[in-house]
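Keep in mind that the numbers below use all heavy atoms, side chains included, and drop hydrogens, waters and symmetry copies.
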Amino acid sequence: MSNPWIEAMRLRTLPVSVAGVIAGLACALFSGSCRLLPAICCLLFAIGAQIASNFANEYFDFRNGLDRKGREGFRRGVTEGDIKPQAMLRATFLTLALAAIPGLALITWGGWWLIAIGILVAIFALAYSAGPYPLSHHGLGDLAVVIFFGLVPVGFTAWLSAGTTAILPMALTVGTGVGLLAANVLIVNNYRDADDDRAVGKHTTVVLFGRKFMGRVYLTAGIIGVLLTLVPAVMMCFDGHQLLLAPILALPALFKAHHNLITQKGAALNAVLRQTALVLLWTSLLLLAEALVIYFC
């Protein structure tokens, strides 16, 4: 049996937090001014916040009776008895505290008001599964992912790395694309768990609208997400740079993942979850490669 704490981190989905920072760094490179240290701090903060959110999800879903033993998805250490509930709760807040260290370092470049943003991200990490109105239980998880794994990391990484708010129109456009691709990871997770979620009254978008409809949303969101990451190249083309559309190379992987999503079920969808996260990571890396070519050439 694998280490339950490693399983609880859900390493297969960590590209979701990494991709936003990579895309933000790419936007800064497109601007012609890039500071690497703020991007590294953003990356450490983003990974820590996602792991804390995963821990919180495991604890609060157990506490609220939304998990059952032997589920199709990630092994839930608390539900299966591998991890004590209080240990998971302590790990959640400890991880948030550790994430706050690189987060506080960002004050150097962005000012003290970033503390408010950090608090907001921490609240989201908990509110996704906890509180009187958990976002993931009321069909709001997808929108929250677009904001907190797309707009927020791309926008703030780009701004802090470039050192100018002039980068924000480009960054927020790319952030929307990254957010849509990140939301697809959640769609796969909820697609797999729809029957279990419906049985316990957890109203994800897949439960609310059905697998067939959300399968179409997955493909549409993926295509739009990739196309939005092409905007920086188009903007740079107007400034006399060569037109490079590298992120479009991620589309075949997206189409393959979509085919697997609508033709497979149960535990087989765990592989689709990984494929979808890699589509997001691949798109952001292609965007970064494109930005590096323009930056150095």
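Proximity of F148 to P153: side-chain heavy atoms (C-beta onward) are nowhere separated by under 4.5 Å. N270 places a side-chain heavy atom less than 4.5 Å from the side chain of R192. Two residues are said to be in side-chain contact when any heavy atoms from C-beta on lie closer than 4.5 Å; L104 and I107 meet this criterion. Contact of the S161 side chain with the L36 side chain is not registered, since no non-hydrogen atoms from C-beta on lie closer than 4.5 Å. Looking at heavy atoms from C-beta onward, Y133 lies in side-chain contact with L140 at the 4.5 angstrom threshold. A heavy-atom distance below 4.5 Å is not found between the side chains of R198 and T204. With contacts defined as side-chain heavy-atom distances shorter than 4.5 Å, the pair M170/V231 does not qualify. F124 has its side chain within reach of L135: a pair of non-hydrogen atoms, C-beta onward, lies under 4.5 Å apart.
Remark: D193 does not engage K202 in a salt bridge, criterion side-chain N to carboxylate O under 4.0 Å. Looking at K265 and D195, no side-chain N of the basic residue comes within less than 4.0 Å of a carboxylate O on the acidic one, giving no salt bridge.
In terms of heavy atoms, V121 sits closest to A49 at CG1-CB, 4.0 Å. For A56 against L126, the heavy-atom pair with the smallest separation is CB-CD2, 4.0 Å. Nearest heavy-atom pair across L286 and A250 is CD1-N, 3.9 Å. F45 and G103 get closest at one heavy-atom pair: CD1-CA, 4.0 Å. In this structure, R211 and A194 approach most closely via the heavy-atom pair NH2-CB, 3.5 Å. Closest of all the heavy-atom pairs between Y59 and P85 is CD1-O, 3.3 Å.
Although no hydrogens or angles enter the test, the distance criterion places no donor-acceptor pair under 3.5 Å between the side chain of T157 and the main chain of V154. In terms of modelled atom types and a separation under 3.5 Å, the side chain of Q264 and the main chain of L269 share no donor-acceptor contact. Not one N or O on the side chain of Q275 forms a donor-acceptor pair closer than 3.5 Å with the backbone of A257. R274 places no side-chain N or O within 3.5 Å of a backbone atom of R12 that could act as its donor or acceptor partner. Side chain of S17 to main chain of L14: a donor-acceptor pair is present (N/O by atom type, distance under 3.5 Å, no hydrogens or angles). Side-chain atoms of H138 come within 3.5 Å of backbone atoms of P134 as a donor-acceptor pair (strictly under, hydrogens ignored). Side-chain atoms of T92 come within 3.5 Å of backbone atoms of M88 as a donor-acceptor pair (strictly under, hydrogens ignored). The closest donor-acceptor contact from the side chain of E290 to the backbone of L245 lies under 3.5 Å. Judged by distance alone, with hydrogens and angles left aside, the side-chain atoms of T220 form no donor-acceptor pair with the main-chain N or O of V217 at under 3.5 Å. Formation of a donor-acceptor pair under 3.5 Å by the E58 side chain with backbone atoms of S53 is not found in this model.
Side chains of Y218 and T276: a donor-acceptor N/O pair is present below 3.5 angstrom, by distance only. Defined by atom type and a distance below 3.5 Å, a donor-acceptor pair is present between the side-chain atoms of R10 and N57. Counting only N and O atoms by type, the side chains of S129 and D61 include no donor and acceptor under 3.5 Å apart.
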Pair L114-L160, side chain to side chain contact (heavy atoms under 4.5 Å, CB included): steps then yes or no: CA-CA 11 Å; L114 286 179; L160 292 168; 4.1 Å; yes

Side chain to side chain contact (heavy atoms under 4.5 Å, CB included) assessment of N64 paired with H137: CA-CA 11 Å; N64 295 328; H137 303 178; 4.3 Å; yes

Begin with the C-alpha distance, continue with both residues' side-chain angles, and end with the deciding distance and a verdict on side chain to side chain contact (heavy atoms under 4.5 Å, CB included) for L29 and L292. CA-CA 7 Å; L29 286 167; L292 286 169; 3.6 Å; yes

Quick one: do V293 and L244 satisfy side chain to side chain contact (heavy atoms under 4.5 Å, CB included)? Show the steps, please. CA-CA 9 Å; V293 169; L244 300 173; 3.8 Å; yes

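Residue V174 is grouped with residue L227 when hydrophobic side chains (ILVMFWY) are merged at heavy-atom distances under 4.5 angstrom, including chains of intermediate members. Residues L94 and I123 do not share a hydrophobic cluster, defined by chaining ILVMFWY side chains whose heavy atoms lie under 4.5 Å apart. Taken together through direct or relayed side-chain contacts under 4.5 Å among Ile, Leu, Val, Met, Phe, Trp and Tyr, F149 and L143 form part of one hydrophobic cluster. The hydrophobic clustering, which links ILVMFWY residues whose side-chain heavy atoms are closer than 4.5 Å, places L180 and V145 apart. Hydrophobic clustering places I47 together with L281 (ILVMFWY residues linked when any side-chain heavy atoms are closer than 4.5 Å, directly or through intermediates).
Under the side chain to side chain contact (heavy atoms under 4.5 Å, CB included) test applied with L273, the options T13, I187, N184 reduce to a single match, T13. Only one option out of L280, L285, L43 pairs with I22 in a side chain to side chain contact (heavy atoms under 4.5 Å, CB included); it is L285.
Under the 30°/60° scheme for interplanar angles, the aromatic rings of W113 and F156 are found to be tilted. A tilted orientation is assigned to the rings of F209 and F213, their planes being inclined by 30° to 60°.
One distance of note links OG of S31 with CE of M235; it measures 10.5 Å at 0.5 Å rounding. The CG atom of L219 lies 6.0 Å from the CZ atom of F255; values are rounded to the nearest 0.5 Å. Taken to the nearest 0.5 Å, the CZ atom of R35 stands 10.0 Å off from the OG1 atom of T108. To the nearest 0.5 Å, atom NE2 of residue H258 and atom CD1 of residue I262 are 4.5 Å apart. With values rounded to the nearest 0.5 angstrom, W282 atom CH2 is found 12.5 Å from L287 atom CG. The CG atom of L228 lies 12.0 Å from the CD1 atom of I223; values are rounded to the nearest 0.5 Å.
When the shell of 6.0 Å around CH2 of W159 is examined, it contains more than 12 heavy atoms from other residues, nucleotides or ligands.
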